[in-house]
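Contents: one structure, followed by commentary.
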2 protein chains.
Amino acid sequence: MLSTTTPALRRVLNAAVAQFARHGYEGASLAGIAAYAGIRKASLYSHIKNKDALFLAVFEDALKIESQFAHECFEHSNTGLPGQYYCESLLARYADSEHFRFLLRTSYIPPESLFHELQEGYETYMQQLLADFTAALRRHVGEAFSDQDALTLGHAYMGMVDSLHVALIYIGPSRFEARLNALERLMGDSIARLVGERHD
Amino acid sequence: MLSTTTPALRRVLNAAVAQFARHGYEGASLAGIAAYAGIRKASLYSHIKNKDALFLAVFEDALKIESQFAHECFEHSNTGLPGQYYCESLLARYADSEHFRFLLRTSYIPPESLFHELQEGYETYMQQLLADFTAALRRHVGEAFSDQDALTLGHAYMGMVDSLHVALIYIGPSRFEARLNALERLMGDSIARLVGERHD
DNA sequence: CAAAAACTACCGACCGGTAGGTAGTTTTTG
DNA sequence: CAAAAACTACCTACCGGTCGGTAGTTTTTG
């Protein structure tokens with residue numbers, strides 16, 4: 001983590017996130033990243049120490065950006081089910097944010113050498129998401145059910161998010177919607193059941 | 001797809017599935033695969049055309065094996081919720097089957113050049129799983145709810161399976177169990193709700 | 001204030017290493 | 001003995017990374 005971020009370094013980081021998101025860690029070459037940034041490979045080393053450090057810098061960038069995005073989704077909307085707005089934002093986010101695509105691609109199967117550093121950061125990211133969901137759930141149902149139930153729903157929600165991530169990667173938008181609706185319905189049913197509202 | 005499978009080719013395929021599962025397509029070298037099979041790299045070419053063909057052969061192997069395993073899980077047990085036994089088998093299967101680990105690793109983010117061939121095969125695999133689930137669901141609830149509801153539950157189940165796949169890859173066994181239980185509960189609640197049993 | 005020194009960003013050329021793949025030869029085997 | 005399968009040796013291409021050097025800007029300093 002360096003102090004200042006010059007414009008030139010910014011261009012390098014933007015090129016890197018694009019290439020890493022498209023081709024993965026091993027598949028993205030420094031020459032390719034440099035070309036995308038409009039310079040030669042050797043010039044990269046004026047800004048970064050090596051490929052690993054570049055990857056980690058991009059990773060921290062992506063974590064910060066996507067973490068904030070998720071948090072804003074939870075703050076932004078209190079309508080609907082807890083965490084619903086975030087899930088419904090994922091499809092557009094996947095299309096728009098290279099950092100998000102980068103995270104999805106590199107988090108499930110990270111470069112072996114950097115496994116531990118990445119695991120830690122991603123863990124924090126998911127924990128924050130879980131905390132946001134749990135808070136929204138408490139706001140939604142109050143004291144209606146136990147901590148045990150809240151924990152279970154938290155696990156289910158995180159599973160739901162992972163499931164949607166997978167859908168983004170390898171099935172099209174139409175089936176993403178279908179899966180999203182199906183999972184939202186399960187979640188809605190279960191919450192309703194616990195709350196004791198029987199609206200049918 | 002070749003005609004006969006000699007013992008030597010079998011050893012090569014077994015070595016390949018192990019290496020591909022551990023290191024992915026790009027990360028697994030032909031030299032490594034050959035060494036694992038007890039021969040030199042050049043000798044591989046007595047059995048295979050090139051790396052892509054080897055990968056595809058392993059992929060078809062894995063599809064056949066894991067497809068049959070899944071099918072047997074559905075045939076084997078009619079107790080519990082539809083598809084429950086398969087989900088509960090995944091953790092042990094992940095530990096035991098290199099072919100399963102291979103599929104999980106390579107299906108979400110396949111080698112770019114082989115994308116289309118793989119997509120097709122994996123699609124068939126998931127469709128069969130969905131068919132098995134739908135059949136089990138129909139056996140479980142009879143005519144109790146509409147085709148529309150069955151479709152929705154099917155989407156949810158496939159999402160659940162993907163979610164468990166992700167859990168296998170990047171979180172430990174303990175949290176796998178937690179996620180599994182949470183998702184099973186959602187599914188159980190939803191089915192119970194549709195069937196009209198209110199057991200609380 | 002101007003000359004010197006230092007710094008920034010870049011480049012072409014090259015290095016050691018490794019990848020997938022090929023050619024030609026020897027060994028194994030039915 | 002011939003075909004199959006193994007070997008050694010080698011090739012080209014690309015990888016991450018280093019080196020020496022250069023043009024332009026900024027800072028230091030007599």
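Proteins get letters first, then strands, A, B, ... in listed order; numbering begins at 1 in each. Quick caveat: nothing in here was measured; it's all calculated off a predicted structure.
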Atom-to-atom span, [atom1] of [X] to [atom2] of [N] - whole angstrom:
X	N	atom1	atom2	value
Y45(B)	dC11(D)	OH	C1'	13 Å
N50(A)	dT18(D)	CG	C1'	13 Å
L44(A)	dG16(D)	CG	P	10 Å

Do the side chains of [X] and [Y] get close enough for a salt bridge, i.e. N-O under 4.0 angstrom?
X	Y	answer
R93(A)	E66(A)	yes
D147(B)	R138(B)	yes
R193(A)	D149(A)	no
E26(B)	R105(B)	no
R10(B)	D61(B)	yes

**Q.** Parallel, tilted or perpendicular, as decided by the 30° and 60° cut-offs, for the rings of F55(A) and F102(A)
**A.** tilted
Q.
Once you measure the plane-to-plane angle for Y157(B) and F74(B), does it fall in the parallel (<30°), tilted (30-60°) or perpendicular (>60°) bin?
A. perpendicular
Q | Between the first and last five pairs of the helix from dC1(C)-dG30(D) to dG30(C)-dC1(D), the angle of the axes, rounded to 10 degrees | A | 20°
Q. With sequence neighbours left out, what residues match Y122(A) under side-chain hydrogen bond (donor to acceptor under 3.5 Å, both in side chains)?
A. none
Q: Go through the structure and list residues passing side-chain hydrogen bond (donor to acceptor under 3.5 Å, both in side chains) with T152(B), not counting sequence neighbours.
A: none
Q: Could you list where the contact with chain A starts and ends along DNA chain C, reading 5' to 3', using a 4.0 Å heavy-atom cut-off?
A: dA9(C) to dG12(C)
Q: Please tell me which of A42(B) and T6(B) maps to the more 5' nucleotide of DNA chain D, matching each residue to the nucleotide holding its nearest heavy atom.
A: T6(B)
Q: Tell me which residues in residues 26-41 of chain A put a heavy atom below 4.0 Å from DNA chain D, sorted by number, or none.
A: A28(A), S29(A), L30(A), K41(A)
Q.
Please list all pairs meeting side chain to side chain donor-acceptor pair (under 3.5 Å) that have one or both residues in residues 162-171 of chain B, counting only residues at least two apart or in different chains.
A. D162(A)-Y170(B), Y170(A)-D162(B), R179(A)-D162(B), Y108(B)-D162(B), Y108(B)-H165(B), S163(B)-R179(B)
